[in-house]
Amino acid sequence: MSDEPELKEIDGFLAAGLAVRTSNPRECDPATARIGQLWQRFGRERYAESIAPRVRPEELLGIYTDYAGGADDEYTLMVACEVGEEMDIPLEAIGVEVPAGRYLIFRGEGPLPECVIETWARIWRYFGESTQYKRAFAVDFERHDATRPDSVEIAVSIE
């Protein structure tokens, strides 16, 4: 698998799910990490089944939004499903619009969650070294496809 990302124009879409506010430094400490707990809760409480209409039933999304600044600042992470215009979501869930735009697509393979962590580390290195593209810190998202459980596709918004 190539370390080079693919530049792609992505159409906007709607998603709904559960969210937490966190930061990368917080996630590095098991005592304060929140993302893993959110993914577990989403699965344990079977939230995906209560969100309708789901556009891609085989997919779950990790959506990063509301960035306070750069890579070490706070952001909101949602575990979500893509939904149609007339969404029906549980009371605790929230909706978000992922905007259309230019994204760099990074792909990772291997056991979860390690492949997600490794792919994000590759993303941080890429933007630390690349002068061709600059992160927008707008909305980024991960696609987790149940038909390919040992892989992740991460779309990073660029300016």
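Values below: every heavy atom of this structure, side chains too, minus hydrogens, waters and symmetry copies. Bear in mind that the values here come from a model prediction, so they are computed numbers and not experimental data.
- Side chain of T32 to backbone of R26: a donor-acceptor contact under 3.5 angstrom is found.
- Counting heavy atoms from C-beta outward, T119 and R107 have side chains that stay 4.5 Å or more apart.
- Here the side chain of R135 pairs no donor or acceptor atom with the backbone of W124 at under 3.5 angstrom.
- Atoms CZ and CD1, on F141 and I154 in that order, are 10.5 Å from each other to the nearest 0.5 Å.
- Between the CG atom of L104 and the OH atom of Y133 there is a distance of 6.0 Å, given to the nearest 0.5 Å.
- Under the 4.5 Å side-chain criterion, counting only non-hydrogen atoms from C-beta, W120 is not in contact with I117.
- In this structure, G62 and W39 approach most closely via the heavy-atom pair CA-CZ2, 3.9 Å.
- With hydrogens and angles left out, the side-chain atoms of E27 and T22 include a donor and acceptor closer than 3.5 Å.
- If you chain together hydrophobic residues whose side chains sit under 4.5 Å apart, V98 and L18 never meet in one group.
- Side-chain contact between R102 and E9 is present, with at least one heavy-atom pair separated by less than 4.5 Å.
- Closest of all the heavy-atom pairs between F42 and C81 is CZ-SG, 4.0 Å.
- A side-chain N or O of N24 and one of Y75 form a donor-acceptor pair less than 3.5 Å apart.
- The minimum heavy-atom distance linking S151 with L112 is given by the pair O-CD2, 4.5 Å.
- Distance check: E142 CD to L61 CG gives 9.0 Å after rounding to the nearest 0.5 Å.
- Across all their heavy atoms, I94 and A19 have their closest contact at CD1-CB, 3.7 Å.
- Salt-bridge formation is detected for the pair E109/R148: a Lys NZ or Arg NE/NH1/NH2 atom is positioned less than 4.0 Å from an Asp or Glu carboxylate oxygen.
- Note that OH of Y67 and CG of D140 are 3.5 Å apart. Values are rounded to the nearest 0.5 Å.
- When the side chains of ILVMFWY residues are joined at heavy-atom separations under 4.5 Å, either directly or via intervening members, F13 and Y64 end up in two distinct hydrophobic clusters.
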query = Can you list the steps and then say if I158 with L7 is a side chain to side chain contact (heavy atoms under 4.5 Å, CB included)?
reply = CA-CA 9 Å; I158 57 173; L7 178 61; 3.5 Å; yes
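- R34 places a side-chain N or O within donor-acceptor distance of the main-chain N or O of R21, the cut-off being under 3.5 Å.
- The two atoms that bring P149 and A146 nearest to each other are CD-O, 3.6 Å, heavy atoms only.
- Put simply, the side chain of F127 does not reach to within 4.5 Å of the side chain of K134, judged on heavy atoms.
- By the 4.5 Å heavy-atom criterion applied to side chains, I10 and I105 are counted as neighbours.
- Annotation for R44: atom CZ counts as buried by contact number, over 12 foreign heavy atoms lying within 6.0 Å.
- Taking CG of D150 as the start and CG of D145 as the end, the distance is 12.0 Å to the nearest 0.5 Å.
- Between F137 and S157, the shortest heavy-atom distance links the atoms N-OG, 4.1 Å.
- Grouping the Ile, Leu, Val, Met, Phe, Trp and Tyr side chains by contacts below 4.5 angstrom, directly or via other members, places F106 with V152.
- M78 and I35 fall into different hydrophobic clusters, where Ile, Leu, Val, Met, Phe, Trp and Tyr are joined by side-chain heavy atoms under 4.5 Å apart, directly or via other members.
- How far CZ of R143 is from CD1 of I63: 9.0 Å, rounded to the nearest 0.5 Å.
- Cluster membership for V20 and V139, using ILVMFWY side-chain heavy atoms within less than 4.5 angstrom, is not shared.
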